[in-house]
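Structure, as structure tokens:
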Amino acid sequence: MSTPAITPVFVRLKLSLLRNGLRRSGGRKAAYITSAVVALVFAALQLIGLIALRGHAHADAVVVLAVAVLGLGWAVMPLFFPSGDETLDPTRLVMLPLRPRPLMGALLTSSLVGIGPLFTLCLLIGSVVAVARGAAAFVTGAVAVALALLLCVALARAVAAANVRLLTSRKGRDLAVLSGLVIAVGAQVVNFGAQRIGASGLGELAPAADVLEWVPPASAIGAVHAVSEGAYGRAGAQLVLTAGALAALLAVWSRHLTRLMTSPDGSTLPAADSAARERTSTGLARLLPPGRTGTVMERSLRYVWRDPKTKAAWVTSLAIGLIVPVFNAWQGTGSVYFACFAAGMLGIQMYNQFGQDTSAFWIVAMTISTTRDAYVELRARACALLLITLPYATLVTVLTTAVLGDWRRLPEALGLSFALLGAMLATGAWTSARFPYSIPQEGHKNVAPGQTGLAWISIFGGMMAAALLCAPVIALTIWLNVSADGDDWTWLLLPAGTAYGAALAVAGLRLAAPRTARRLPEILTAVSKG
């Protein structure tokens, strides 16, 4: 009796998952359709741009780098967005009588259905058209496109299968926190590279392309360019390298798939042991003040380390706060005042303090009965933030100043940073009590439905208020810099800015405390909606 083919079944399953996912809500359907249209338009424009690049002296360097970056994207996306495709988790199929080899073929084919593979196909076709010259090159290009597309999909599948136990666990989902860091670093690297290319031309890409054309899947496009130049031996080696990489990925995927389908899941045992050891550790508590202040600070710091949403916000803020001023200074286009960006990015973490607790805020609310209790609670949260922010803002300012070599302006830059930080602590405490909103624990949304307006008012309104509160220090800085003998007194901006920021923080906490004590039921209702 012949075994029925399962590939058509898996393709229909993939289409059903996409269709049923759109039926959950109108918002999800609108978001998917919008993202699909944007991706397809971008893919079409990219295809046209690559075709227009045909005949350019450095077209091969551009397309090789583009395909290399594309392959990297296929490798890391399963780690950052493990819930983006339900079919990436083969453990859902462990109870079915399926053999690994037919299952691999079905999963690989179903993986070709979607916006991502279509986008990849457009980029690969455009890359071939950009570098191919002659019939032999286009024939090689057809083989190269097929190999590169299958390699990208197999790469995503192999990475997902190798890490599925980790990615589907509670601790493992924290890996998605790195997406903010990668996006922040990647955006600045792309910006820096674009500026270098704009100044020196596309020839700057040639050295990197010479290396990457031997790294799959970029090696497939390198083979097309080699055939166009008549280097058939090099082209054959690059195609063999691509095919070998695809075979190796399929072998790795098969091994992990077999293990997942036949072995028990023990991924939570080490996590449980680690959690038990962590519960017995009191090293952090010994370093903090006694009483409620130390308890609240420890709780806030543990949120930063353990809660995925809080950790993601902190990692992103830390990365961008360092990258923007230092990268701009490195490129010679920045200023020492850009270092204030670090204090601003971390100061945002003071906003919506109670929303970070979500429904667990009711436990905190039970301990607040007076204005004094509310003040100590807010003060401790601010102190936990300062424990990270003060040394970090100082480090970023010193690094920016060192890169620029403008040590004379270090005191005023630090004074401005500390004044801004104090202003954001003040406005953050007040908006936390006045405009609290819920942060959903599931998914990638940071605001519960229906509370977007509150989030905008809280964050952007608070930031504008903080900027206005810093106006005296900014005015003093400008006056000292334009004054004839002001350079001799700019060092006063460090103690003045520090004292002013501390005064603003204390005043903001004292103003927010009575409002917090009075509005506890409203705050609890608002932060529990997610």
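- Looking at residues two or more places apart in sequence or on another chain, you find no side chain to side chain donor-acceptor pair (under 3.5 Å) involving Ser335.
- Among pairs with a residue in residues 388-403, none fulfils salt bridge (Lys or Arg N to Asp or Glu O under 4.0 Å), at least two apart in sequence or across chains.
- Residues Leu520 and Ile368 form a side-chain contact, since some pair of their non-hydrogen atoms from C-beta on lies under 4.5 Å apart.
- Annotation for Trp214: atom CH2 counts as buried by contact number, over 12 foreign heavy atoms lying within 6.0 Å.
- Judged as a ring pair (Phe, Tyr, Trp, His ring centres under 6.0 Å), the pairs with a partner in residues 339-371 (not counting sequence neighbours) are, in order, Phe354-Phe361.
- Taking all atoms of both residues into account, the shortest heavy-atom contact from Ala245 to Leu151 is CB-CD1, 3.7 Å.
- Partner Leu425 forms a side chain to side chain contact (heavy atoms under 4.5 Å, CB included) with one of Leu509, Leu385, Val506 and no other, that one being Leu385.
- In terms of the salt bridge (Lys or Arg N to Asp or Glu O under 4.0 Å) criterion, residue partners of Arg292 (sequence neighbours excluded) are, by chain and number, Glu377.
- The side-chain heavy atoms of Leu387 and Leu301, taken from C-beta on, include a pair separated by under 4.5 Å.
- When the side-chain contact (heavy atoms from CB on, under 4.5 Å) test is applied to Ser317, the partners found at least two apart in sequence or on another chain are Met345, Leu346, Gln349.
- The shortest side-chain heavy-atom distance between Pro436 and Arg519 falls under the 4.5 Å cut-off.
- Applying the side-chain hydrogen bond (donor to acceptor under 3.5 Å, both in side chains) definition to pairs two or more places apart or across chains, those involving residues 383-407 are Asp406-Arg409.
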